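Note sheet for the following structure.
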Amino acid sequence: MSGDHTSSAVSARVRSVEAFLESRGLLDDGEIDRRIDEFLAGGSPVNGARIAARAWVDPGFAERLLADANSAIRELGLTMAGGLQEQRLKVVANTVDEHNVVVCTLCSCYPIALLGPSPGWYKSEAYRSRVVRDPRGVLREFGVELPDRTRISVWDASAESRYMVVPRRPAGTEDLPEEQLAGLVTRKGLIGTAVV
Amino acid sequence: MSRINDVGGMSGFPPIAEEPDEPPFHADWEAHVLALNGALIRRGVYNLDEFRDAIERMPPEEYLAASYYERWFTAITALLVAKGVATADELDSPHG
């Protein structure tokens, strides 16, 4: 991908603008590399999975999480305040009657601190335009077939508000410890485009 | 009046394409663009809302033709000019 012509032209232009800004004192030496490293180290779906697993095993935590997620995730040492500004987090939980799915129709707002960098499909016009009009059909494309009686709620993220889904705990996992439960939770499950 | 980024509910887009084992960035320059934007916002050259606005007011045909991080870079360079940090000519000439 980086080898194609368009990409190498953009790449040269980005380098040139960086050099210009360095010459004007608007970028420090090594600042770009440091920020890239921080970004890549900053968030991962492991964080979201820990939250979901804790909510499964601890009803009190689940209640606090659904009421005030920004405060509740601090109990696990996580925060939504690590980026450019603190983002409001709302966590919604799937039930037998309701399935939740998250989108940002305007662009790409996403809880990076809890899920890491977002997948390309989340940022695509295809997902953004269609999941609000036909969530059931879009979920089917992801292999999620929901019974007709299950209501689907679509949460549209914004610059100030982020959303995360707690999937339903899979049947037959009653004896699993919290850590192994977290291992069952996927990024797509936390967005709502997978069952778990 | 909605702008081109406001695609919620719009018809005509294709099925969703998932990329297996997708990396966070598809080329180094994408990571550089992300870091550059963070650096400029933290320095107060512009703020996050101005950045979003700069993406959203791209001409529709340019917006749709651009990749995600190409949009970011378009917004960054537009803001550098709008804020008087650089002229368009300075950004167009090679540096470094």
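Residue numbers start from 1 in every chain, and the chains themselves are labelled A, B, ... in the order their sequence lines are given, proteins ahead of strands. Side chains are part of it too, since the values below use all heavy atoms of this structure and drop only hydrogens, waters and symmetry mates. Here the structure is a predicted model, which is why all the values come from computation and not from measurement.
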Nearest non-hydrogen partners of A/Thr150 and A/Leu146, listed with the distance: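 Looking at all heavy atoms of both residues, the shortest contact is CB-CB, 4.3 Å.
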
Minimum heavy-atom distance between B/Met58 and B/Ala66, given as atom pair plus value: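 It is CE-CB, 4.3 Å.
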
Is it true that [X] and [Y] make a salt bridge, defined as a side-chain N closer than 4.0 Å to a carboxylate O?
X	Y	answer
A/Asp37	A/Arg34	no
A/Glu86	A/Arg74	yes
A/Arg35	A/Glu18	no

For [X], is it the side chain, the backbone, both, or neither that has a heavy atom closer than 4.5 Å to a heavy atom of chain B?
X	value
A/Glu31	side chain
A/Val132	side chain
A/Asp156	neither
A/Tyr127	both
A/Arg24	side chain

A/Arg133 side-chain N/O to B/Gly8 backbone N/O, donor-acceptor pair under 3.5 Å: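 No.
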
Which portion of B/Leu80 sits near chain A, non-hydrogen atoms under 4.5 angstrom: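 Contact with chain A involves the side chain of B/Leu80 alone.
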
Residue selection (most heavy-atom pairs with chain B, distance under 4.5 Å) from A/Val131, A/Ile36, A/Leu21, A/Val154: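 Heavy-atom pairs under 4.5 Å are most numerous for A/Ile36.
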
Contact leader toward chain A among B/Pro23, B/Ala86, B/Pro15, where contacts are heavy-atom pairs under 4.5 Å: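 If we count pairs closer than 4.5 Å to chain A, B/Pro15 comes out on top.
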
